[in-house]
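Numbers restart at 1 for each chain; the letters A, B, ... are given by sequence-line order, proteins then strands.
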Number of protein chains: 2
Amino acid sequence: MGQQITQTPAAPPVGRCRITAACEPVAGLRQRKKKRTRDDLVRAAHELFLLQGFGPTTVDEIAAAVDVSQRTFFRYFANKEEVALAVMGDAEDHFIQCLRDRPAEENPLQAMRAAIRETWQSLDIAGGNSVTAALEIIRLIESTPTLLAAHLRRLAEQERLVTGILAEREGVDPTTDLRPRVLAAVFGAVMHAAHEAWGSTGHPDLGKGPAGMLTVIDRHLEQLGPALAGDWHRRA
Amino acid sequence: MGQQITQTPAAPPVGRCRITAACEPVAGLRQRKKKRTRDDLVRAAHELFLLQGFGPTTVDEIAAAVDVSQRTFFRYFANKEEVALAVMGDAEDHFIQCLRDRPAEENPLQAMRAAIRETWQSLDIAGGNSVTAALEIIRLIESTPTLLAAHLRRLAEQERLVTGILAEREGVDPTTDLRPRVLAAVFGAVMHAAHEAWGSTGHPDLGKGPAGMLTVIDRHLEQLGPALAGDWHRRA
DNA sequence: GCAGATTATGTCAGCCAATGACATTTGACA
DNA sequence: TGTCAAATGTCATTGGCTGACATAATCTGC
């Protein structure tokens, strides 16, 4: 969901997620400053949320921590939830990009599974503490009703994108053929179940990379077939 | 999610959804009055939302329409979203109840499919305009971001219940066996996809009962297998 | 029916998220 | 350097939501 930072109606450089966009070094003082305050806001919010929780943290606090006015905060983020979910935005953009780039030979489910894996791994490589941050945010989301609601809505939004990509990949018409939409929905649901499962297990090994989360996701994806199977008790 | 109207910590009659609870005639003046103002609030809100949209409608308006204070409104509903989703609460409670009552011979997916069908049909029989109201609300939800977010959160909440019921039905441990959770998630996702599809088709025949929605739901459920199939182009 | 305990409601004050309007500063560019 | 556009700040306001306390309604046992 590549959020446009630009406040002007001018044409922004579309289709580049912030992770890969890190390659382009300079882009005018104005743009750099904006990116900086945006990043600062996200980081400050992140810290405050983890420290005192989402609800108790006020927008004024976040803004004050970065030394901008409250009004400016709302020029960068439509609401308080958005700044919390911004961290995931990177990963989501990246996932979409990966999915687009998957080879056509793979079947839809394979492609999505590969894209997820690729996303987490590149997030790991990207350095910084992207992975750690993402994992922390996921846990925060799952334990904060307001955030969970906003997150699920974004997920639904993303499923529209995925539906379109799948339809195009396979060359089917998404208005006639329900399979792209259904698969996108199912995949999203399983992803969320995995996040939830990962979040609720008292996982202390947050920092050791995306391996843990990938394992949980894989385990859930593997249960897709069995769960839909007629009889649960005729198990291999 | 049987909302307790009771504001006292006293033990309320649990496990009875409002639909079936219509059998119990009198229950003290106090209880009846409360049920009445609650119903009034829901109905007034419903009308106002459909008339002028969710966002533009203020809580004060709703409260004024029923002639209670704004404070009283918030004693019945935690937030503005809840009063909009309250209509669906009946159906959701009923679905849970139906699922619990499905015969053990059915496999999980069959049971859920049957429970949905049963729910919509009994909603139809229940008289009044329950079905019409539900369908109107679904459309409102799908077209209102804020409501959609709240709705998805509730759906996620309900999936927890469903997970538990499925696990018990099949006699498996939901902390070890991921199938109940995965199936609940998948089913919820498909339901939402169906709602979305139903809502976005300019369906003018709202009042003709649950048949249309059931058809859409069935069509989506039928695509579950095909969507997960490896190759989408080796189609029967 | 009545007195006293419960419980629902109203009133009021206040916090915080969010938005529009307008002034001011600051980077962009000729 | 001066002009234009864009980013920010300030101010005022609305609306969702909550706590505290007073009032009015119902319930309970007698």
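Donor-acceptor pairing under 3.5 Å is recorded for the side chains of B:Glu136 and B:His46. For the residue pair A:His151/A:Glu142, the side-chain donor-acceptor check at 3.5 Å is not satisfied.
For the OP1/OP2 pair of D:dA25 and a distance below 4.0 Å, the side-chain nitrogens and oxygens of B:Lys33 include no atom meeting the criterion. Of the side-chain N and O atoms in B:Tyr76, none sit less than 4.0 angstrom from OP1 or OP2 of C:dA8.
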**Report entry** Contact pattern, 5' to 3', of nucleotides 10-23 of chain C - B, S or - by protein heavy atom under 4.0 Å
**Finding:** BB----SSBBBB--
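The pair A:Arg36-A:Asp40 meets the salt-bridge criterion, with a side-chain N (NZ, NE, NH1 or NH2) lying under 4.0 Å from an Asp/Glu carboxylate O. With respect to the salt-bridge test (charged N to carboxylate O, under 4.0 angstrom), the residues A:Arg100 and A:Glu168 do not qualify. One finds no salt bridge joining B:Asp39 and B:Arg43 here, because no Lys/Arg side-chain nitrogen approaches an Asp/Glu carboxylate oxygen to under 4.0 Å.
Between B:Glu61 atom CD and D:dC17 atom P the separation is 15 Å, expressed in whole Å. The distance between atom CZ of A:Arg36 and atom P of D:dA7, rounded to the nearest whole Å, is 17 Å. The distance between atom CG of B:Asp40 and atom P of C:dT9, rounded to the nearest whole Å, is 12 Å. Distance NZ (B:Lys35) to P (D:dT26): 18 Å, rounded to an integer number of Å. Protein atom CZ of B:Phe54 is 14 Å distant from nucleotide atom P of D:dG15, rounded to whole Å. A:Gln31 places its CD atom 8 Å from the P atom of C:dA28, with the value rounded to the nearest Å.
One end of the helix from C:dG1-D:dC30 to C:dA30-D:dT1 points its axis 20° away from the other end's axis, with each axis taken from 5 pairs and the angle rounded to 10°.
Ring orientation note: the planes of B:His195 and B:Trp120 are nearly perpendicular, at an angle over 60° on the 30°/60° scale.
Distance from the side chain of A:Arg30 is smallest to D:dA6 among C:dA8, D:dC27, D:dA6.
Each of B:Glu82, B:Glu81, B:Glu92, B:Glu159 was compared with B:Arg154 under the side chain to side chain donor-acceptor pair (under 3.5 Å) criterion, and only B:Glu92 meets it.
Panel note: side chain A:Lys80, backbone A:Gly55; a donor-acceptor pair is recorded below 3.5 Å.
Between B:Leu152 atom CG and B:Ile141 atom CD1 the span is 9.0 Å, to the nearest 0.5 Å.
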